[in-house]
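Letters A, B, ... are given to chains in the order of the sequence lines, protein chains preceding strands, and every chain is numbered from 1.
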Amino acid sequence: MCFRTKNSKTFNQLEDRFKARFLTPEWYTPDVFNAFTFPVTPVITNDRNDVIQGFSWGLIPYWAKDTNIRKSTFNARLETLAQKPSFKPSLLKRCLVLADGFYEWKWLDPKGKSKQKYLLTLPEEESFAFAGLWNSWTDRNTGEILNTYTIITTAANELMSEIHNTKKRMPVIMTPKAEKDWLSGGELVMQNDHLEGVVCE
DNA sequence: CCAGACGTTGTT
DNA sequence: GTCTGG
DNA sequence: CCAGACGTTGTT
DNA sequence: GTCTGG
């Protein structure tokens, strides 16, 4: 599903758009992030919404004994969030995952032998936020603290059903008003209707 | 009741 | 820590 | 939660 | 039908 995101904005552009500051901007450079490498990417959390922090993709619940669970917590299904032991402790630990694009692969045949890569963006590659949840995990051996997040997914809309045609899922996209509501503990309002899909090379 | 899971959907 | 499959 | 048990205690 | 072991 949503395993690869794109951040093309500079840290100054992110600060202006999201009305928040990097404490230390040097860790961030615009890039494409692959979930399977657990990249540190820019997020804004509910408890410090004036700051852009670097959290690692792949949520680890605080109770985990090790980090193995991460490989399956890149995404969290919106429909079942409240029932899952891994996400329940994070229901009010909300975050914005800052981005301006993500990638999906359309299967061109029933077996997926041939695939077409698509980049999904808003018009003009405007910045947006994925709806996310976060948690802090302490390594019992080293005492190291790891801040991690997951991206919430929902049923694919019409466009995404065409592109992500095997799983019919898509990440929850938010624009400014919904971002505030989400961070402050309110309802999740998604703005998934303005996405555009562009075929990649 | 307890042991074992706890999660989602690709290998770009 | 809490849920669930057996 | 469900499958499987669900009972007692000699010898002539 | 209800209890209980797994």
Side-chain angles (χ1 to χ4, degrees), chain A residues 1-8 29-41 43 55-95 97 99-121 125 130-141 143-157 159-173 188 190 192 195-201:
Chain A
M1 237 300 307
C2 185
F3 292 147
R4 182 160 279 230
T5 60
K6 180 185 184 188
N7 266 281
S8 61
T29 48
D31 206 347
V32 168
F33 298 112
N34 175 2
F36 291 92
T37 65
F38 314 114
V40 172
T41 81
V43 304
F55 277 29
S56 179
W57 193 356
L59 187 139
I60 310 174
Y62 74 95
W63 47 258
K65 294 193 182 67
D66 54 47
T67 62
N68 290 335
I69 199 169
R70 307 190 77 181
K71 63 184 183 311
S72 44
T73 55
F74 300 129
N75 297 152
R77 296 175 67 94
L78 176 61
E79 299 89 331
T80 53
L81 273 183
Q83 280 82 54
K84 301 294 183 184
S86 291
F87 301 134
K88 249 180 153 172
S90 295
L91 289 180
L92 291 175
K93 292 183 187 298
R94 299 177 172 187
C95 65
V97 180
D100 42 72
F102 65 101
Y103 296 90
E104 292 294 355
W105 275 256
K106 177 174 182 169
W107 287 25
L108 302 177
D109 60 78
K111 297 270 170 125
K113 295 230 154 86
S114 151
K115 284 182 249 193
Q116 178 61 59
K117 179 180 175 184
Y118 282 78
L119 170 64
L120 286 303
T121 65
E125 296 212 19
F130 294 113
L133 298 176
W134 62 276
N135 216 322
S136 293
W137 177 79
T138 304
D139 188 320
R140 285 154 168 68
N141 298 316
E144 181 196 6
I145 292 172
L146 208 45
N147 293 315
T148 61
Y149 70 85
T150 186
I151 291 176
I152 296 176
T153 66
T154 188
N157 64 15
L159 170 68
M160 288 305 299
S161 295
E162 287 299 311
I163 296 175
H164 193 233
N165 54 347
T166 53
K167 299 303 177 187
K168 313 251 184 180
R169 302 292 298 172
M170 71 186 298
V172 173
I173 310 290
L188 178 55
M190 56 185 95
N192 285 3
L195 283 173
E196 298 177 348
V198 179
V199 174
C200 300
E201 72 278 4

Enquirer: For the side chain of A:Asp31 and the backbone of A:Phe33, is there at least one donor-acceptor N/O pair under 3.5 Å apart?
Expert: no
Enquirer: Take the protein atom CG of A:Asn75 and the nucleotide atom P of B:dT9, then report the distance between them rounded to whole Å.
Expert: 6 Å
Enquirer: Does a side-chain heavy-atom distance below 4.5 Å link A:Ile151 with A:Thr5?
Expert: yes
Enquirer: Between A:Ile152 and A:Phe87, is there a side-chain heavy-atom distance shorter than 4.5 Å?
Expert: no
Enquirer: According to a strict under-4.0 Å criterion, is A:Thr73 in side-chain N/O contact with OP1 or OP2 of B:dT8?
Expert: no
Enquirer: So, OP1 or OP2 of B:dT11: does either fall under 4.0 Å of a side-chain N or O from A:Lys115?
Expert: yes
Enquirer: If the P atom of C:dG5 is compared with that of E:dT4, how far apart are they to the nearest Å?
Expert: 23 Å
Enquirer: Just how far, in rounded Å, is P of B:dT11 from CD of A:Glu104?
Expert: 10 Å
Enquirer: Once you apply a heavy-atom cut-off of 4.0 Å, does A:Ala35 come out as touching a base, just sugar-phosphate, or nothing?
Expert: nothing
Enquirer: Categorize A:Lys117 for me: base, sugar-phosphate, or nothing, with a 4.0 angstrom heavy-atom threshold over every strand shown.
Expert: nothing
Enquirer: Can you tell me how far P of B:dC6 sits from CZ of A:Phe87, to the nearest Å?
Expert: 11 Å
Enquirer: Once you round it to whole Å, what is the distance between C1' of B:dC6 and CG of A:Asn68?
Expert: 12 Å
Enquirer: Can you tell me how far P in D:dG7 sits from the matching atom in E:dT2, rounded to whole Å?
Expert: 15 Å
Enquirer: By nearest atom, which of the nucleotides B:dG7, B:dC6, B:dT8 is closest to the A:Trp63 side chain?
Expert: B:dC6
Enquirer: Would you please classify the geometry between the A:Tyr149 ring and the A:Trp57 ring as parallel, tilted or perpendicular, with 30° and 60° separating the classes?
Expert: parallel
Enquirer: Does A:Arg77 reach a base, just sugar-phosphate, or nothing at all? Heavy atoms under 4.0 Å.
Expert: sugar-phosphate
Enquirer: Quick check against the 3.5 Å criterion: does A:Asp139 have a side-chain atom that pairs as donor or acceptor with the backbone of A:Glu144?
Expert: no
Enquirer: Identify which nucleotide among B:dC6, B:dT11, B:dT9 has an atom closest to any side-chain atom of A:Ile69, counting heavy atoms from C-beta outward.
Expert: B:dC6
Enquirer: If we take the C1' atom in both B:dT8 and E:dG1, what is their distance in whole Å?
Expert: 42 Å
Enquirer: Checking A:Asn192 side chain against A:Pro171 main chain: does a donor-acceptor pair fall under 3.5 Å?
Expert: yes
Enquirer: Mind checking which stems touch DNA chain B? I mean at least 3 consecutive Watson-Crick or G-U pairs, both distances under 3.5 Å.
Expert: B:1-6 with C:1-6
Enquirer: Less than 4.5 Å apart, side chain to side chain, heavy atoms only: is that true for A:Met170 and A:Glu104?
Expert: no
Enquirer: Quick one: CG on A:Leu119 to CZ on A:Phe102, what's the gap to the nearest 0.5 Å?
Expert: 9.0 Å
Enquirer: Tell me the interatomic distance from A:Arg169, atom CZ, to B:dT9, atom P, rounded to whole angstroms.
Expert: 6 Å
Enquirer: Is there side-chain contact between A:Phe38 and A:Phe74, with at least one heavy-atom pair below 4.5 Å?
Expert: yes
Enquirer: In whole Å, what is the span from the NZ atom of A:Lys93 to the C1' atom of C:dG1?
Expert: 14 Å
Enquirer: Measure the distance from CG on A:Leu91 to P on C:dG1 and round it to the nearest whole Å.
Expert: 18 Å
Enquirer: Starting at the 5' end of DNA chain B, which residue's closest nucleotide do you reach first, A:Asn34 or A:Lys65?
Expert: A:Lys65
Enquirer: Any heavy-atom pair between the side chains of A:Thr67 and A:Thr148 that's under 4.5 Å?
Expert: no
Enquirer: Find the distance A:Ile151:CD1 to B:dG7:P and express it as a whole number of Å.
Expert: 18 Å
Enquirer: Would you tabulate the nitrogen or oxygen pairs shorter than 3.5 Å linking the protein to nucleotides 2-6 of chain C?
Expert:
residue: C:dC3; atom: OP1; partner: A:Lys88; partner atom: NZ; Å: 3.0

Enquirer: Taking the minimum atom-to-atom distance to the side chain of A:Thr80, which one of B:dT11, B:dT8, B:dC6 wins?
Expert: B:dT8
